[in-house]
Structure formats: C-alpha cells, structure tokens
Amino acid sequence: MRFHVLTLFPQSFPGPLADSMVGMACHRGLISIEVTDIRSHTHDSHGTADDYQFGGGPGMVMKPEPIFEAVEAVLADLDLSERTGAGVVLLSPQGQVFNQKMAEDLANSSSLVLICGHYAGVDERVRQHLVTQEVSIGDFVLTGGELAAMVMIDTISRLVPGVVGSMDNVTQDSISSGLLQHPLYTRPAQFRDMAAPEILLSGHHAEIEKWRRHESLRRTLERRPGLLETAQLSPEDIEYLESLGYGRPKAQS
Ligand code: ADE
C-alpha cells in the first residue's frame, strides 16, 4: 500500500510514523509513505501556494494550481492499474467523519493520495474536480490536515496484512468487532491491593471467553450504547444486555 502525502509542511513527516509498527512496515516494504511539498509545484519566485479569498474575509485559501499539479504528478508516476484504483483524499473538518469501517474500505486501495488542507481551507475547485473523498478525523478543527493524514495512515496501515503480528489482533480489537474491548490484565496477578480477576487465571478458556464477551458488552452499553445497534449480537448477548437494563426506557431525571 502506498501513501502519498501532499503538504505545505513536508518536514512534519514521517514524525511518529517513523516508529513502531508503521515504521517497521515501511522498513519491510509493506507500505510506503511518500511526501510531496505542494510548494514545489508553484511557479513564482516566492513559492506562493495561498491567496486572499474572493469576496473578502479572514484567512488565506490554498490555491488550486499547485494542488492539481502535485496530484497529477503523483498519479502520472503510478502504473495504470494503481492509478485507476487510487483514492484522492482531502483532509478537512468538512469531510465525512473517519471511522474503522472507512479505514477498512480505504485499505483495499493500492495507493492513497492525501491532501493536507491548511489555513482557512482549499479552493473549492480542488474539492469538486480533483478529490474522490473528503475526510475529517472528528468534529474539531486542527491547524492543518497533517496530523489528520497521520491518523489515517496509522489506522489504515495496521489493516495491511503483515503489519500487525497476528491478524487476530486486528479483527478482534476494539471497534473492529463492533464492540469496545474487554479489560486487559497482565502480571503481577496481585498489584498493591488490586487483584486481576480470578477467572482470567483459571485456565477455563470457555469461561474466560464468556467473561470477556460480557465485559465488552457491559462496557459498550455503558460508554457507547449506539454501537450496539449495528453490532452482531447473539441471543445470549441480548439476554445478558437485558440483565444490565438494555432496552429499558431511561428513568426520567
Ligand atoms: N483539518 C483541520 N481540522 C481537521 C479535521 N478535524 N480532520 C481533518 N482535517 C482537518
């Protein structure tokens, strides 16, 4: 999987992506992260990549020409099959909100071009005629799309086969399974006055799996009840959730 990042701040990369599993995945050639300085596609002596907005108003707008040229240069470098499957993503707070499902869909592309918006935003013609998808990483405003691109690269990379040691870790993790993760414990079994749950030390695998499932269900009900609407639930899951009050109308306060 190849990521192509287009940014006015190329020195921000690879940043945290150089470390841990993503760094290792780059090293092993499972993924690549190529960074293009949008300013290198400007043609005036000042490298002007932004300008005042038509109609007046605060904040500068990223000009269309360098962004179009940078994307076209990246696409021209890809072979035909990669080019047709390449997604061109604009990072902006106006985009569709990123989630695990979107990451899974994007992980099927062989190449992803990520355009990092900055300043007040990008010229609308980029949005209308160049990008295939506009993505926000949440309902808050960053100073630019660079951190958002890193979040997307990190999330999508761990779905690429071989990046995370065991694929079980990816398919069973929080959210991918549709539920929040159960609590985790490691040694020591007794830490100060805090003991790990005995069931986890019992060696009864079926009982341990049941406990984990119950804890996932309980946590999801308490913290993110909306996820239960789309999670795959067995009749036993529903029975357990009902024992916790799931489905009952909330008490009026
Ligand atoms: N740029 C600024 N804020 C952003 C956000 N929330 N997501 C993606 N890109 C952004």
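Whatever order the structure lists ligands and atoms in, that order sets their numbers, starting from 1.
- By the 4.5 Å heavy-atom criterion applied to side chains, Met1 and Val163 are not counted as neighbours.
- In terms of N/O distances under 3.5 Å, ligand 1 is approached by Ser92.
- Scanning the protein for heavy atoms near atom 6 (N) of ligand 1, the closest one is Phe140 O, 2.8 Å.
- Looking at His4 and Thr36, their side chains never come closer than 4.5 Å, going by heavy atoms from C-beta outward.
- Within ligand 1, counting atoms from 1 as listed, the ones closer than 4.0 Å to a heavy atom of Gly144 are 1 (N).
- Salt bridge absent: Glu215 and Arg212 never bring a charged side-chain N and a carboxylate O closer than 4.0 Å.
- The shortest separation from a heavy atom of Pro93 to ligand 1 is under 4.0 Å, placing the residue in contact.
- Ring pair Tyr119/Phe9 is perpendicular by interplanar angle, where above 60° counts as perpendicular and below 30° as parallel.
- Look at Lys101 and Glu104 and you find no salt bridge, because none of the NZ, NE, NH1 or NH2 atoms lies under 4.0 Å from a carboxylate O.
- Of the residues listed (Leu6, Leu90, Val35, Thr7), the one engaging Cys116 in a side chain to side chain contact (heavy atoms under 4.5 Å, CB included) is Thr7, and it is the only one.
- Short contacts between ligand 1 and Val141, defined as distances under 4.0 Å to a heavy atom of the residue, involve ligand atoms 3 (N).
- Between Val135 and ligand 1 there is a heavy-atom distance shorter than 4.0 Å.
- Within ligand 1, counting atoms from 1 as listed, the ones closer than 4.0 Å to a heavy atom of Ser136 are 5 (C), 6 (N), 7 (N), 8 (C).
- There is a side-chain donor-acceptor pair under 3.5 Å between Ser234 and Asp237.
- Using modelled atom types, one finds no donor on one side chain facing an acceptor on the other under 3.5 Å when comparing His41 with Glu65.
- Every atom of ligand 1 is numbered from 1 in the order shown, and the set under 4.0 Å from a heavy atom of Gly138 is 6 (N).
- If you check which protein heavy atom lies closest to atom 3 (N) of ligand 1, you get Leu142 N, 2.9 Å.
- Close N/O approach between Ala148 and ligand 1 is not found [any backbone or side-chain N/O within under 3.5 Å].
- Given atom 7 (N) of ligand 1, the protein heavy atom at minimum distance is Ile137 N, 2.9 Å.
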